[in-house]
Number of protein chains: 2
Amino acid sequence: MITTNVDISLQLRREGVRPSVTRVAVVKYLMEHHNHPTVDELYAHLVEQYPGLSRTTVYNTVHTLVDSRVLTTIEGSPEGMRVDLACNPHAHFVCDVCGAVADIAMELPEPPDQLSVTRTQLVFRGVCCNCKSIDKEKIN
Amino acid sequence: MITTNVDISLQLRREGVRPSVTRVAVVKYLMEHHNHPTVDELYAHLVEQYPGLSRTTVYNTVHTLVDSRVLTTIEGSPEGMRVDLACNPHAHFVCDVCGAVADIAMELPEPPDQLSVTRTQLVFRGVCCNCKSIDKEKIN
DNA sequence: TTCATTTTTGTAATCGATACAAAATTACTT
DNA sequence: AAGTAATTTTGTATCGATTACAAAAATGAA
C-alpha cells in the first residue's frame with residue numbers, strides 16, 4: 001500500500017486544505033512512521049529532507065491540519081504535544097514513567113447528540129510493561 | 001450533603017495521602033466549586049483564604065493528589081492544565097473557541113485487560129452552544 | 001508579468017511548569 | 001515537653017514548549 005505525494009495532496013484537498021509542501025511532508029512522515037512524534041521530533045526529521053525548514057512552520061502546519069481534522073494531538077506529555085494521524089480513530093496508552101505512547105485499537109465512544117464534537121480523545125495512562133519489569137528489577 | 005475538613009482528611013488517608021492543610025484545602029475547594037480551574041485559578045482562590053500560600057505548593061499538591069488518584073487533570077487548554085476531582089469518573093467537553101469545560105456524565109470505556117491503567121481521560125472537543133450562537137450572530 | 005493571497009521564515013517574547021535548597025511544619029520518640 | 005527525623009511548604013531562578021509578529025518567499029489568478 002504505497003501512498004504518493006499526489007495521493008496525499010488529493011486527500012488534503014478533499015479535507016479542504018491546500019496541499020502545501022510542508023503539509024504533504026508532515027502527513028507523509030506520519031504515514032510512514034507510526035510513532036507519535038512531538039512537534040520538535042517532527043521538525044528534526046523533516047529538516048533533514050527540507051533544509052531551511054522552520055520550527056514555526058511545523059507548528060503552523062500541525063495547527064492547520066488539526067483544525068481540518070487530518071491530524072489529532074495527544075496532550076499532557078512533558079516533552080510537549082504529540083502528533084498523530086486522525087484517520088482510523090483509536091485510543092492511546094501513555095506510560096507515565098517513560099512517556100511512551102501506544103495505539104490502542106478500539107472504538108471511541110460516541111458523544112452525546114446535542115454536542116457538536118469535532119475531536120474525541122481517549123487516553124489511558126499507567127505504566128507500560130517495559131517500565132513495570134524495570135521496576136521489578138529494582139525491587140529484587 | 002456537607003463535607004467537613006475532617007471528612008476530607010479521612011478520605012485522603014484512605015487514599016494513602018497525608019492530609020496536609022493545602023491538600024485538604026484543594027480538595028475542599030474542588031468539592032465546593034464544580035468548575036475546572038487551572039492551577040493558577042486554584043491558587044488565586046486559595047491564597048485569599050491562606051495568605052502566603054505559594055503557587056509552587058499548589059503545583060506540588062496537585063501532583064501529589066493526581067498521583068494518589070484523588071484528582072485528575074484535563075490537558076491541552078491554552079491556559080494550562082485544568083484540575084478536577086477524580087471521584088465519579090466522567091468525560092469532559094472542551095470548547096475549542098472559548099475554552100469552557102463541561103462535565104459529561106457517562107461511563108468511561110474499560111481499558112484492555114493487559115494494560116495497567118491508573119487514569120482514563122475521555123475528552124470531546126468542539127464548539128459549545130454559546131460560541132455557536134455567537135458565530136451565527138456574526139454571520140447575520 | 002502583475003497583483004493578491006497564502007505560506008513560510010526567524011527572532012523575540014510569553015508563560016506554564018519545574019528544580020532546588022532553605023525554612024517551616026508535622027509526626028514520632030524518649 | 002523537648003528533641004529529632006521526615007514531610008511539607010516556600011520562593012526564586014530557570015527551563016522550555018509555544019506563540020506573536022512582521023518580513024520574505026511561494027503560489028495562484030488575471
Side-chain angles (χ1 to χ4, degrees), chain A residues 5-6 8-9 12-13 15-27 29 36-44 46-68 70-71 73-83 94 96-97 99 101, chain B residues 5-6 8-10 12-13 15-27 29 36-47 49-68 70-71 73-83 94 96 99 101:
Chain A
N5 287 12
V6 177
I8 295 174
S9 295
L12 288 181
R13 258 187 240 283
E15 301 290 340
V17 204
R18 283 169 54 169
S20 76
V21 174
T22 316
R23 286 172 196 163
V24 172
V26 165
V27 172
Y29 177 85
H36 303 264
T38 61
V39 174
D40 222 56
E41 289 165 357
L42 199 48
Y43 165 75
L46 292 178
V47 78
E48 293 182 6
Q49 194 173 351
Y50 302 88
L53 177 66
S54 166
R55 191 179 273 98
T56 303
T57 302
V58 181
Y59 273 103
N60 291 341
T61 303
V62 168
H63 287 152
T64 303
L65 294 178
V66 167
D67 287 347
S68 53
V70 174
L71 302 186
T73 57
I74 308 159
E75 329 275 357
S77 298
E79 316 85 31
M81 72 176 175
R82 297 183 168 278
V83 182
V94 178
D96 282 332
V97 177
V101 181
Chain B
N5 288 12
V6 177
I8 295 174
S9 295
L10 287 174
L12 288 181
R13 260 187 238 283
E15 302 289 341
V17 204
R18 283 170 53 169
S20 75
V21 173
T22 317
R23 287 172 195 161
V24 173
V26 165
V27 172
Y29 177 84
H36 303 262
T38 61
V39 174
D40 223 54
E41 289 166 357
L42 199 47
Y43 165 75
H45 282 99
L46 293 177
V47 77
Q49 193 173 354
Y50 301 90
L53 177 67
S54 167
R55 200 183 314 271
T56 303
T57 301
V58 181
Y59 273 103
N60 290 342
T61 304
V62 168
H63 287 152
T64 303
L65 294 178
V66 167
D67 288 347
S68 54
V70 175
L71 302 185
T73 56
I74 308 159
E75 328 275 357
S77 299
E79 316 85 30
M81 71 177 176
R82 295 183 168 278
V83 183
V94 178
D96 283 332
V101 181

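These numbers come from the heavy atoms of this one structure, side chains and all, not from hydrogens, waters or symmetry mates. Protein chains get the first letters and strands the later ones, always in sequence-line order, with residue 1 at the start of each.
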> Expressed in angstrom and rounded to an integer, what is the separation of B/Tyr43 atom OH from D/dT9 atom C1'?
13 Å
> Examine D/dT19: is either OP1 or OP2 under 4.0 Å from a nitrogen or oxygen in the side chain of A/His63? Give yes or no.
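True: A/His63 side-chain N/O within range (under 4.0 Å) of D/dT19 OP1/OP2.
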> Without swapping roles, check the side chain of B/Arg55 against the backbone of B/Asp40 for a donor-acceptor pair under 3.5 Å.
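Not a single qualifying donor-acceptor pair exists.
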> Would you say B/Thr22 places a side-chain N or O within less than 4.0 Å of OP1 or OP2 belonging to D/dT8?
no
> Has the side chain of A/Ser77 got a donor or acceptor atom that lies under 3.5 Å from a matching backbone atom of A/Glu79?
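No; judged by distance alone, with no hydrogens or angles, the pair does not exist.
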> Using heavy atoms to find the nearest nucleotide of DNA chain C for A/Tyr50 and B/Asp40 separately, return the residue whose nucleotide is more 5′.
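Taking each residue's closest nucleotide, the earlier one in sequence belongs to A/Tyr50.
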> So do the side chains of B/Thr61 and B/Leu42 get within less than 4.5 Å of each other, counting heavy atoms only?
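No, their side chains stay 4.5 Å or more apart.
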> Whole-Å distance between C/dT7 P and A/Leu65 CG?
11 Å
> With respect to the phosphate group of D/dT10, does any side-chain polar atom (N or O) of B/Arg55 fall under 4.0 Å of OP1 or OP2?
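It does not, given that no N or O in the side chain of B/Arg55 lies less than 4.0 Å from OP1 or OP2 of D/dT10.
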> Counting side-chain heavy atoms from C-beta on, which of C/dT8, D/dA17, C/dT18 comes nearest to B/Tyr59?
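Per side-chain heavy atoms of B/Tyr59, the pick is C/dT18.
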> Distance check needed: C/dA17 C1' versus A/Glu75 CD, whole Å only.
16 Å
> For the residue pair B/Val62 and B/Met81, establish whether any side-chain heavy-atom pair is separated by less than 4.5 Å.
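When only atoms from C-beta onward are counted, B/Met81 and B/Val62 do touch, with a gap below 4.5 Å.
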> Would you find a donor on one side and an acceptor on the other, under 3.5 Å apart, between the side chain of B/Arg82 and the backbone of B/Ile74?
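Between the backbone of B/Ile74 and the side chain of B/Arg82 there is no qualifying donor-acceptor contact (under 3.5 Å).
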> Think A/Ser20 has a side-chain N or O under 4.0 angstrom from the OP1 or OP2 of C/dT7?
no
> Let me know the distance between CE of B/Met81 and C1' of C/dC15, rounded to the nearest Å.
14 Å
> For nucleotides 23-28 of chain C, which of its nitrogen or oxygen atoms have a protein nitrogen or oxygen under 3.5 Å away, and what is each distance?
none

> Answer yes or no: is there a donor N or O on one side and an acceptor on the other, between the side chain of A/Thr73 and the main chain of A/Glu75, under 3.5 Å?
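Between the backbone of A/Glu75 and the side chain of A/Thr73 there is no qualifying donor-acceptor contact (under 3.5 Å).
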> Determine whether a donor-acceptor pair (one donor, one acceptor, N or O, separation below 3.5 Å) exists between the side chain of A/Thr56 and the base of C/dT11.
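In this structure, the two groups form a donor-acceptor pair.
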> Nearest heavy atom decides the nucleotide; on that basis, is A/Gly52 or B/Glu79 closer to the 5' end of DNA chain C?
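That would be A/Gly52.
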> Is any side-chain heavy atom of B/Val70 closer than 4.5 Å to a side-chain heavy atom of B/Thr64?
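A side-chain contact under 4.5 Å is absent here.
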> Among the candidates D/dT18, D/dT9, C/dT8, find the nucleotide nearest to the side-chain atoms of A/Thr61.
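Of the options given, the side chain of A/Thr61 lies nearest C/dT8.
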> What does A/Asn60 touch in the nucleic acid at a heavy-atom separation under 4.0 angstrom: a base, only the sugar-phosphate, or nothing?
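Counting heavy atoms under 4.0 Å across all strands, the contact made by A/Asn60 includes a base.
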